[in-house]
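Throughout, protein chains are lettered first and strands after them, A, B, ... in sequence-line order, and every chain is numbered starting at 1. Values below: all heavy atoms of this structure, side chains included; hydrogens, waters and symmetry mates excluded.
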Amino acid sequence: MSEPDVLERAATEFERAMQRNIKGLGYFSSPAPVLGTSPKDTLISRGTLRLYHYRPLSDEVYRVPILLVMATTNRGYIFDMLPGQSLVEFLLKAGFDVFMIDWEAPGLDESHLGLDDYVLDFLPSCVSRVLEETGEPDITLVGYCFGGVLSLLWAALHPGLPLKNLVTFTTPVNFKGMEMFQAWSDKRFFDVDRLIATHGNCPAEMLYSAFDLLRPGARIAGNIRLWDNMWNDEFVKSYRMFDRWSTDMLPLAGRYFKETTEQLMWDNALFEGGMEIAGRPVDLASITAPFMHVVAEHDHIVPYEASRHLVPMIGSEDKQEVVLKGGHVSLIAGGNAIKRLWPQLDLWLRERSV
Amino acid sequence: MTDKPTTDPFSMFRDMVSQWEQAANDYGSKITSTSEFAQGMQGATAISLQIQQAVQDGMTKVLAAANIPSRDDIAALSTRVAAIEVQLHRIVEALGAQSSKSSAPKPKRTKQPPSGHK
């Protein structure tokens, strides 16, 4: 670096250091950002289950409503972070009628809930309610992560029902491909029955620790980067938004956690065969609606090996896998998603939603 | 963009953080994905669960002696409240009383994709 460059750089860093101190104080004294504020109506509020209808932002919408299905481990506001950074808002502005299945923390009285409750009660109830609300005969389901698994199970078990399109994001099907989770839930050492007998539900703290352990250096490096970028309002806003969401995890209902551990993590039954919900065999080949699966190139939670087999297993003729740059979360929210996933989703859905 | 090596110490520090993070993640993953780690982690969890279970059992007896409801009693009450909630929900649905429903006019469901798009 030449001498003027050094002086200019030193002046910039000095300015940033000053800003860091001033804004750092503000950071610790201000509340976390309010997320998920797009206007909506609650159509179903039953125990852990919520069904929301977002208020349309245009006078004319596509005929087929979209139902977003959130993963059961996290809050649905990842789809609706802040104005300008909200997938829900983007879809509403693009002319879609948007609904979302979201979850509250299941209480101890809901520890008996199992996969069958989610797949044969919660999802069908929400689909019926959306059809009733819109007066339409069919629906598009968009599932994220385990919300995608639930959507697949529902679709496979209800082949006669009105599924117009199915979209899944970062959805695992070969659970042997999730190597870290496989190691930690090794059936020789992991006593899932004792965990549930003691806690009733699988505690959110345990899930949070497991996700955190996937990238042991990320939290420390993230804090260093936050300090380094404390002068940058946009960086801080984005950091707080994602930090709040990623720490806001939900416990899982006891029986549901036990069944997913046994059937999916241990037996890998969805991929290897033998998956059953309430005694009914699941065959993904029975799904014939147009299908799109979007996976992230750098997904550390659902690696490609866990998700890449999904599209070939689906029976639809109109089906495709889309691999986009990004990670498990940045695929669907934030700057990366705004540039990559959202326009792709809009393009794919619009011609299939009339 | 150029790949020429930088002499900027601030930039070097940022690169160093990224490299450290990558190394920590790689090394951490290598350690935590071993069956020895899983055995140790689950062993510690099992001990913790045993202790919690023992404390819970002890507390239940103490609470019963003091005539104070235990967690199970509260959970049983919660189950009954939840059952009432479900019934209420069904009644509300049956009556069509959608109090939270927006009164705004519904949009027309006739939108077509823009012509000429792929």
Side-chain angles (χ1 to χ4, degrees), chain A residues 1 5 9 13 39 41-47 53 55-56 58-64 95 97 107-111 129 133-136 179-180 182-186 188-191 194-195 197-200 206 213-218 220-222 224-225 228 300 347 350-351 353-354, chain B residues 6-8 10 13-14 17-18 20-29 31-35 37-43 45-46 49-50 52-53 56 71-72 74-83 85-86 89 93 98 100-102 104-114 117-118:
Chain A
M1 284 173 94
D5 286 347
R9 196 58 209 263
E13 289 301 333
D41 299 303
T42 306
L43 300 184
I44 296 180
S45 172
R46 173 158 56 106
H53 182 202
R55 294 187 187 160
S58 52
D59 297 333
E60 190 182 27
V61 295
Y62 290 110
R63 184 186 66 74
V64 182
D97 195 6
L108 277 178
D109 56 296
E110 290 176 297
S111 62
R129 189 71 181 82
E133 183 73 12
T134 59
E136 293 299 332
E179 289 179 4
M180 304 287 277
Q182 276 293 326
W184 301 336
S185 63
D186 189 324
R188 290 173 300 168
F189 316 125
F190 180 40
D191 191 345
R194 174 173 285 181
L195 178 81
T198 307
H199 288 293
M206 190 181 133
L213 205 53
L214 287 172
R215 281 193 170 167
I220 294 170
I224 294 172
R225 285 198 193 96
D228 187 29
H300 69 293
L347 271 178
R350 57 167 72 159
E351 64 185 21
S353 298
V354 291
Chain B
T6 178
T7 51
D8 176 359
F10 300 103
F13 169 73
R14 280 160 203 140
V17 170
S18 295
W20 174 84
E21 182 186 14
Q22 187 61 49
N25 288 342
D26 290 347
Y27 185 69
S29 302
I31 300 287
T32 57
S33 60
T34 60
S35 63
F37 177 85
Q39 190 171 11
M41 182 172 82
Q42 297 304 349
T45 305
L49 289 173
Q50 262 176 337
Q52 285 181 57
Q53 190 64 56
Q56 270 177 30
R71 189 180 80 163
D72 287 345
I74 301 289
L77 274 176
S78 177
T79 305
R80 296 187 68 178
V81 172
E85 208 176 67
V86 170
H89 176 75
E93 278 205 328
Q98 300 158 18
S100 63
K101 196 172 159 186
S102 166
K106 290 187 175 181
K108 290 181 287 178
R109 314 189 69 84
T110 50
K111 188 174 172 71
Q112 296 292 319
H117 88 278
K118 281 194 170 184

Interatomic distance, A/Asp228 atom CG to B/Arg14 atom CZ [nearest 0.5 angstrom] = 4.0 Å

Keeping the roles fixed (side chain from B/Lys111, backbone from A/Ser353), state whether a donor-acceptor pair exists under 3.5 Å.
-> no

Spell out, as yes or no, whether a donor-acceptor pair under 3.5 Å connects the side chain of A/Glu351 to the backbone of B/Pro113.
-> no

4.5 Å side-chain heavy-atom contact, A/Thr134 and B/Lys106 = no

Specify the closest pair of heavy atoms between A/Pro216 and B/Gly28, including all atoms of both residues, with the distance to one decimal.
-> CG-CA, 3.7 Å

Side chain to side chain contact (heavy atoms under 4.5 Å, CB included) assessment of A/His199 paired with B/Leu49 | CA-CA 9 Å; A/His199 288 293; B/Leu49 289 173; 3.4 Å; yes

pair B/Ser29-A/Glu179: side-chain heavy atoms closer than 4.5 Å = no

Does a side-chain heavy-atom distance below 4.5 Å link A/Asp186 with B/Gln42?
-> no

On a heavy-atom basis, the closest approach of B/Ala24 and A/Gly217 is CB-CA, 3.9 Å

Scored by heavy-atom pairs under 4.5 Å with chain A, the best of B/Ala83, B/Ala23, B/Ser35 is B/Ser35

One should read off an interatomic distance between A/Phe189 CZ and B/Thr45 OG1, to the nearest 0.5 angstrom, of 12.5 Å

Is there a side-chain contact between B/Gln50 and A/Arg194 (heavy atoms, below 4.5 Å)?
-> yes

Can any side-chain N or O of B/Glu85 pair as donor or acceptor with the backbone N or O of A/Arg46 at less than 3.5 Å?
-> no

Applying side-chain hydrogen bond (donor to acceptor under 3.5 Å, both in side chains), name anything that partners B/Ser33, two or more places apart in sequence or on another chain.
-> none

Flag if over 12 foreign heavy atoms under 6.0 Å of CG, A/Asp59 = no

Heavy atoms, side chains only, cut-off 4.5 Å: are B/Phe13 and A/Ile224 in contact?
-> yes

Options A/Leu108, A/Thr198, A/Val61, A/Ile44, ranked by heavy-atom pairs under 4.5 Å with chain B, top entry | A/Val61

CG of A/Asp109 to CD1 of B/Ile74: how many Å apart, nearest 0.5 Å?
-> 11.5 Å

Got a sec, which residues hit side-chain hydrogen bond (donor to acceptor under 3.5 Å, both in side chains) with A/Arg215, two or more places apart in sequence or on another chain?
-> none

Residue part contacting chain B, namely of A/His300, when any heavy atom lies under 4.5 Å = neither

Is it the backbone or the side chain of A/Leu214 that comes under 4.5 Å from a heavy atom of chain B, or both, or neither?
-> backbone

Under 4.5 Å heavy-atom distance to chain B, tell me which part of A/Gln182 shows up: side chain, backbone, both or neither.
-> neither

Whatever's closer than 4.5 Å to a heavy atom in chain B on A/Ser45 counts as backbone

Most heavy-atom pairs under 4.5 Å with chain B, out of A/Ala218, A/Pro56, A/Gly107, belong to A/Ala218

Counting only heavy atoms closer than 4.5 Å, note whether B/Gln56 contacts chain A via side chain, backbone, both or neither.
-> side chain

For B/Trp20 and A/Ala221, the nearest pair of non-hydrogen atoms, with its separation, is CZ3-N, 4.1 Å

Rounded to the nearest 0.5 Å, what separation is found between the CZ atom of A/Arg63 and the CZ atom of B/Arg109?
-> 8.5 Å

